*Asks:* 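I'd like to ask you about the structure that follows.
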Amino acid sequence: MSEFREITMARPDDFHVHLRSGTMMQEVVRLTRPWRRALVMPNLEKPILTAEDALRYHDEIERAKRTHGVDFEPLMTIQITKDTSSDIIHRARIDGKVLAGKVYPRGLTTNSEFGVVDYPKELYSTLLTMEETGMVLSLHGEKPGTFSLDRERAFLETLSWIIEHFPRLKIVLEHITTAASVGFVMHGPPTLAATITPHHLYLTLDDVIGTTLRPHNFCKPIAKYPHDLRALRSALTSGNPRFFAGTDSAPHSRERKECDHGCAGIFSAPTALSLYLDAFEEEDAFLIASPFLNEYGARFYGLPPIPDQRWIQLQKKTWNVREMETRCGVKIFTANEMGDVHWNVLAS
Ligand code: DOR
Ligand code: ZN
């Protein structure tokens, strides 16, 4: 364990976040503070499907940011469906406005009714245009029709097909949860990267269903075996630039989590940075934390590393998220039952 009490680093980027819209967004944006940039997912109840949708959504985020005095830069995505035309992709790429196109597996996660089942048939020409225009393919890598615990592994076959047919397409396998995905990305081409969430660095399936049912630890892809968790931690600390931060912070109200048909999603926006730092520290790999958080993702997406030389200063000091949680009505993820978090933002 390191003896770091205080650190200063370039402000981090979150390459996978759900901000929602309307009232929920107000709360979420208010609590999404430490990040320099955040790649915003498009799976709203009415999904973001075009450049025009993305621009309207961008404006809504900007308004919420102004209301709450928050200053991360939202990076926009659209959802790719079987109806996404080449024209939609071209328009979204004008001025590089929309960075990535996200594909969901149909029916497997929140708001995925417009998801895809069959890649070769449904997406061939879309992927071709994405490759041509430099739009990054962001993948929720689970295969519909497969048993829950096997879905991510089964998807790797689809992923191999995509890589083989679109060798210049940049691909991010989002929120990986298995040793198989870690190995696949490690040995994959330079066009392939993966995000690692903070919650998957702490949870196994036992934390979801091992004793009582813990709906606030339920997310997709669901946390897997202890050996998968170990593999994720080794990817985190490997210094391989094709693994980077994407929190998949995904808020749902308590009512929608604690019920029949509870939603998948873990809200970690206020604690994610601290949880990443703790994991690096626990693995004795603190020096890799900074590039994982603020360099590798930007490099993969072709963004400037530290656009305006903004820094963040963090201090090791325990604080508790419970009060914050009561105000926003959404359970905030921490690695312990008490709600204690160890790293505190001093200045940014
Ligand atoms: O757990 C998840 N929650 N996984 C997803 O893929 C979607 C997300 C959400 O939007 O709630
Ligand atoms: Zn997500």
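Remember, it's a predicted structure, so these values are computed and weren't measured experimentally. Here, residue 1 is the first one in the sequence, and each next residue gets the next number.
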*Asks:* What pairs with K331 under side-chain hydrogen bond (donor to acceptor under 3.5 Å, both in side chains), at least two apart in sequence or on another chain?
*Replies:* none

*Asks:* Closer than 3.5 angstrom, by distance alone: can the side chain of R36 be matched with the main-chain N or O of A10 as a donor-acceptor pair?
*Replies:* no

*Asks:* Only counting residues at least two apart or in another chain, list the ones meeting ring pair (Phe, Tyr, Trp, His ring centres under 6.0 Å) with F267.
*Replies:* none

*Asks:* Mind checking the OG1-NE2 spacing from T133 to H90? Nearest 0.5 Å is all I need.
*Replies:* 6.5 Å

*Asks:* For residues T177 and K224, is any side-chain donor paired with an opposing acceptor at under 3.5 Å?
*Replies:* yes

*Asks:* With W343, which residues qualify under side-chain hydrogen bond (donor to acceptor under 3.5 Å, both in side chains), at least two apart?
*Replies:* D278

*Asks:* So, R256 side chain and G262 main chain: donor-acceptor pair closer than 3.5 Å or not?
*Replies:* no

*Asks:* Look at the aromatic rings of F155 and Y119 and report parallel, tilted or perpendicular, splitting at 30° and 60°.
*Replies:* perpendicular

*Asks:* Above 12 or not: heavy atoms from other molecules or residues under 6.0 Å from CZ of R299?
*Replies:* yes

*Asks:* Do S112 side-chain atoms and T109 backbone N/O form a donor-acceptor pair below 3.5 Å?
*Replies:* yes

*Asks:* Taking the side chain as everything from C-beta on, heavy atoms only, tell me whether P42 gets closer than 4.5 Å to Y104.
*Replies:* yes

*Asks:* When the side chains of residues 232-241 are checked against the rest of the protein, which donor-acceptor pairs come out under 3.5 Å, sequence neighbours left out?
*Replies:*
| from | atom 1 | to | atom 2 | distance (Å) |
| --- | --- | --- | --- | --- |
| R233 | NE | L201 | O | 2.9 |
| R233 | NH1 | E282 | OE1 | 2.9 |
| R233 | NH1 | E283 | OE2 | 2.8 |
| R233 | NH2 | L201 | O | 3.0 |
| R233 | NH2 | E282 | OE1 | 3.0 |
| S234 | OG | A231 | O | 2.9 |
| T237 | OG1 | R233 | O | 2.9 |
| T237 | OG1 | S234 | O | 3.4 |
| S238 | OG | A235 | O | 2.7 |
| S238 | OG | N240 | N | 3.1 |
| N240 | OD1 | R242 | N | 2.8 |

*Asks:* How many angstroms lie between atom CD of E295 and atom CZ of F244, to the nearest 0.5 angstrom?
*Replies:* 12.5 Å

*Asks:* Has Y57 got a side-chain atom pairing as donor or acceptor with T77's backbone, closer than 3.5 angstrom?
*Replies:* no

*Asks:* So, taking the atom named CD1 in I80 and the one named CE in M130, what distance separates them when rounded to the nearest 0.5 Å?
*Replies:* 4.5 Å

*Asks:* Using only atom types and a distance under 3.5 Å, with no angle test, would you say the side chain of D53 pairs donor to acceptor with the backbone of L49?
*Replies:* yes

*Asks:* Hydrogens and angles aside, do D13 and N294 bring a side-chain donor and acceptor to less than 3.5 Å of each other?
*Replies:* no

*Asks:* Residues two or more places apart in sequence or in another chain: which of them pass side-chain contact (heavy atoms from CB on, under 4.5 Å) with I163?
*Replies:* L159, I171, F184, P189, L192

*Asks:* For the residue pair D14 and T247, confirm or rule out a side-chain donor-acceptor distance under 3.5 Å.
*Replies:* yes

*Asks:* Please determine whether a side-chain nitrogen of the Lys or Arg among E73 and R11 lies less than 4.0 Å from a carboxylate oxygen of the Asp or Glu.
*Replies:* no

*Asks:* Flag the pair D59 and R56 as a salt bridge only when some basic side-chain nitrogen lies within less than 4.0 angstrom of an acidic carboxylate oxygen.
*Replies:* no

*Asks:* Counting only heavy atoms from other residues, nucleotides and ligands, does the tally under 6.0 Å from CZ of R153 exceed 12?
*Replies:* no

*Asks:* If we ignore hydrogens and angles and just use 3.5 Å, is the side chain of N111 paired with the main-chain N or O of N43 as donor and acceptor?
*Replies:* yes

*Asks:* Mark yes or no for whether Y202, through its side chain, and L275, through its backbone, hold a donor-acceptor pair below 3.5 Å.
*Replies:* yes

*Asks:* Under the ring pair (Phe, Tyr, Trp, His ring centres under 6.0 Å) test, which residues partner H68, sequence neighbours left out?
*Replies:* none

*Asks:* So do the side chains of E281 and H342 get within less than 4.5 Å of each other, counting heavy atoms only?
*Replies:* no

*Asks:* Can you say whether the rings of H165 and Y124 are parallel (under 30°), tilted (30 to 60°) or perpendicular (over 60°)?
*Replies:* perpendicular

*Asks:* What's the spacing between L139 CG and L173 CG if we round to 0.5 Å?
*Replies:* 6.5 Å

*Asks:* Find the distance between CD (Q315) and CZ (R5) and round it off to the nearest 0.5 Å.
*Replies:* 8.5 Å

*Asks:* Could you tell me if the side chain of L314 sits less than 4.5 Å from the side chain of M9, heavy atoms only?
*Replies:* yes

*Asks:* Under a single-linkage rule joining Ile, Leu, Val, Met, Phe, Trp and Tyr whose side-chain heavy atoms are separated by less than 4.5 Å, which residues share a cluster with L55?
*Replies:* none

*Asks:* Relative to each other, are the rings of H199 and F333 parallel, tilted or perpendicular (30° and 60° limits)?
*Replies:* perpendicular

*Asks:* Which residues pass the ring pair (Phe, Tyr, Trp, His ring centres under 6.0 Å) test with H16, sequence neighbours left out?
*Replies:* H18, H175

*Asks:* Under a 4.0 Å N-O cut-off, is there an ion pair linking R254 with E325?
*Replies:* yes

*Asks:* Looking at R91 and E52, is there a salt bridge between them, counting it only when a charged N and a carboxylate O are closer than 4.0 Å?
*Replies:* yes

*Asks:* For residues S181 and T178, is any side-chain donor paired with an opposing acceptor at under 3.5 Å?
*Replies:* yes

*Asks:* Check each of E258, R20, K257 against H252 using the side chain to side chain donor-acceptor pair (under 3.5 Å) test, and report the only one that passes.
*Replies:* R20

*Asks:* Using side-chain contact (heavy atoms from CB on, under 4.5 Å) as the criterion, list what pairs up with D83, not counting sequence neighbours.
*Replies:* T81

*Asks:* Please enumerate all residues that pass salt bridge (Lys or Arg N to Asp or Glu O under 4.0 Å) together with E60, with sequence neighbours excluded.
*Replies:* none

*Asks:* In chain order, what residues pass the ring pair (Phe, Tyr, Trp, His ring centres under 6.0 Å) check against F218, with sequence neighbours excluded?
*Replies:* none

*Asks:* Among F300, F286, F280, which residue satisfies the ring-ring contact (aromatic ring centres under 6.0 Å, His included) criterion with F292?
*Replies:* F280

*Asks:* Scan R66, R37, K65, R310 and name whichever one has a salt bridge (Lys or Arg N to Asp or Glu O under 4.0 Å) with D71.
*Replies:* R310

*Asks:* Examine distances only and state if a side-chain atom of T197 and a backbone atom of D248 form a donor-acceptor pair shorter than 3.5 Å.
*Replies:* no

*Asks:* So, applying side chain to side chain donor-acceptor pair (under 3.5 Å) with D340, which one of T318, T334, N320 is it?
*Replies:* N320

*Asks:* Starting from V117 and following side-chain heavy-atom contacts under 4.5 Å between hydrophobic residues (I, L, V, M, F, W, Y), which residues can be reached?
*Replies:* none

